[in-house]
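All remarks here apply to the structure that follows.
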Amino acid sequence: MQPPLPPAPIPPPRPLPLLQALKVARGNTLAVIPQAAFVEPVFQQRSPLGPSFLVSAPEGVKRVLLDAADNYPKAAMQSRLFEAFLGEGILTSEGETWRRHRRMMAPAFDPRSVEAALPTIAATAREFVDGWRPGQVIDVSAAMGELTLKIIARVMFSAAGDDLGPVMERTLRSAEAVLERFGVADFVPGLMQLRARRREREIGARFAVFDDWISRLIAERRAAPGHGDLLDRLIAARDTETGATLSDREVRDQFVTIFIAGHETTAVALTWTWYLLALHPQIEARLHAALDASPDAPPAYARQVIEEAMRLFPPVPRIPLRQARADDEICGVRIPKGALVCVAPWVVHRHRDHWDDPERFDPDRFAGERPERYAYLPFGAGPRVCIGASLAMTEAVTALCEIARRYRLTLVDAGGVGMKPRMTLRPMGRIGMELMARGA
Ligand code: HEM
């Protein structure tokens, strides 16, 4: 039997007129992407902000993110919006500042550090599942958000994370509400600066409590390190080229960045994984068999399931916008200086040229030979590839296994699931799922 289709919007056959596109995009920004974008290597989009291109052919993606990455820095307009609460962290900086941040943060995310975080991740997931009861109905999206919040907060701050995590979450939700007001008025010359300053003031005020907590914690840790968490590692980080360390403000900015980049993304990856498993009982059964055959370590199939779920529902559906510094050509299409360039895993991962039957959920796509590097990029690629990719995979696979060893999650109402993409591919509203004890 053909399983019901996941809630992806059906691409319009032709680009929508601008006003209609703006209206549709308010509900779902991915619903305006027309069919042509899923078959063409480079698709020119209509945009009120000037020429704009969606690049989806692997060689084009490679050019933007790797070969000509210097010509495609992040679009300043988008980074400025985030700087209001991220400061000048690794996600928003460019050039030498970014290179310095990346050099200093890299050791905190290397394989040794990820391995050191594994016991915390596994114990937190186990403790979380201990709180569940068979027959309980959960909102899987909220539950995965809660779990990844606990995990990232402990990986970052050890025990202090249990208090600081929720403060950070509340702060971000409240700051996000300020960003949601960003709109057409922000492009009106004269109003633009005024609104940006007001936004920064409002966001600063909402961060006051969190900033106070973190600066106290940083002072305590500078005096007494030794917790072996991410906070200790960043405080101790030294630039291999200059010997410089991070200031308190820089440590704070990196933490807000890591939290934003790493918490909801992983939650979303897990949420869609549960949704897809619930719709595909044969694949769920294979996962259970693989888990039963490998009681002490995550089976390879668990990783395949997560990878395939992130293909269909990439947690970051559009990689942050780039802007061409100089004229260029991608796959024969002229890209003028100043053009906005977007690489959208949402489109690349469902592109007709790279994937057979792209809408089908099939974790076997990730068995054996890897798919073409630039046709599958949930974590981006090139120098700005996600620094937390291996931590995120470890976390997602561990959480999936810890939960699936004990429970099946079945959809209470499959009809009501929708998408509300922002920076991440959030589901719309709640996804009710019932917890069935395995083997019961
Ligand atoms: C499934 C989970 C995740 C996904 C899908 C994801 C995806 C991404 C993507 C697409 C980018 C942008 C790449 C670009 O601009 O070219 C990115 C950047 C980044 N991610 Fe992740 N991410 C995830 C989890 C994490 C985690 C767990 C952390 C840290 C704890 C993290 C930290 C970062 C940082 C710091 C950057 C900025 C890197 C830079 O600009 O140099 N991410 N991520």
Side-chain angles (χ1 to χ4, degrees), residues 55 61-62 64-66 69 72-75 78-79 82 86-95 97-106 108-110 113-114 117 120-121 144-145 147-149 151-157 161 165 168 229-231 233-234 253-273 303 306-307 309-323 341-346 348-349 374 376-400 421 423-426:
V55 176
V61 170
K62 182 165 176 274
V64 174
L65 298 180
L66 179 72
Y72 294 101
K74 290 194 177 176
Q78 185 174 282
S79 295
F82 291 110
L86 295 181
E88 216 189 0
I90 187 173
L91 202 70
T92 46
S93 54
E94 283 290 342
T97 311
W98 168 76
R99 263 188 288 278
R100 183 170 62 86
H101 286 319
R102 185 93 191 190
R103 272 197 309 269
M104 293 180 76
M105 287 174 71
F109 292 95
D110 68 9
S113 304
V114 173
T120 305
I121 295 173
M144 292 303 108
L147 172 60
T148 60
L149 171 67
I151 293 177
I152 192 82
R154 283 187 187 167
V155 169
M156 292 201 293
F157 308 116
M168 195 137 173
D229 54 18
L230 213 52
L231 181 56
R233 279 176 218 271
L234 281 197
D253 287 353
Q254 304 299 14
F255 267 105
V256 179
T257 302
I258 292 170
F259 192 82
I260 290 186
H263 153 45
E264 189 171 304
T265 41
T266 317
V268 162
L270 282 164
T271 300
W272 290 116
T273 300
R303 194 181 176 91
I306 298 275
E307 289 187 309
M310 289 200 300
R311 182 187 67 81
L312 273 174
F313 293 98
V316 180
R318 288 185 167 94
I319 289 177
L321 266 182
R322 305 303 209 255
Q323 192 158 24
V341 174
C342 177
V343 173
W346 174 260
V348 178
H349 291 181
Y374 293 89
Y376 179 70
L377 61 161
F379 296 107
R384 297 208 72 142
V385 67
C386 175
I387 202 169
S390 86
L391 179 65
M393 280 310 291
T394 301
E395 184 182 340
V397 170
T398 307
L400 174 69
M423 283 305 282
T424 64
L425 191 53
R426 289 179 192 168

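Just follow the structure's listing: the first ligand is 1, and inside any ligand the first atom is 1. Just so you know, these numbers use all the heavy atoms, side chains as well, and skip hydrogens, waters and symmetry mates.
Closest heavy-atom approach to atom 10 (C) of ligand 1 within the set Pro378, Ala267, Gly89, Ala69: this belongs to Pro378.
In terms of polar-atom proximity, Arg384 is counted as a contact of ligand 1, with an N or O under 3.5 Å from an N or O of the ligand. For Thr265, no nitrogen or oxygen atom sits less than 3.5 Å from a nitrogen or oxygen atom of ligand 1, counting backbone and side chain alike.
Between Glu94 and Arg384 the shortest side-chain heavy-atom distance falls below 4.5 Å. Met423 is not listed as a side-chain neighbour of Val316, based on a closest heavy-atom distance of 4.5 Å or more.
Residue contacts with ligand 1 do not include Val155, since none of its heavy atoms lies under 4.0 Å from the ligand. In this structure, Trp98 is part of the shell of residues with a heavy atom less than 4.0 angstrom from ligand 1. Using a non-hydrogen distance threshold of 4.0 Å, Arg322 registers as a contact of ligand 1. Remark: distances from the non-hydrogen atoms of Lys74 to ligand 1 include one below 4.0 Å.
Between His349 and Tyr376, the two ring planes are parallel [angle under 30°; tilted spans 30° to 60°].
Residue contacts with ligand 1, taken as heavy atom pairs separated by less than 4.0 Å, do not involve Met105 at all. Both the backbone and the side chain of Ile90 come within 4.0 Å of ligand 1, counting heavy atoms alone.
The CG atom of Leu149 lies 11.5 Å from the OG1 atom of Thr266; values are rounded to the nearest 0.5 Å.
The heavy-atom pair separating Pro317 from Pro421 by the smallest distance is CG-CB, 4.4 Å.
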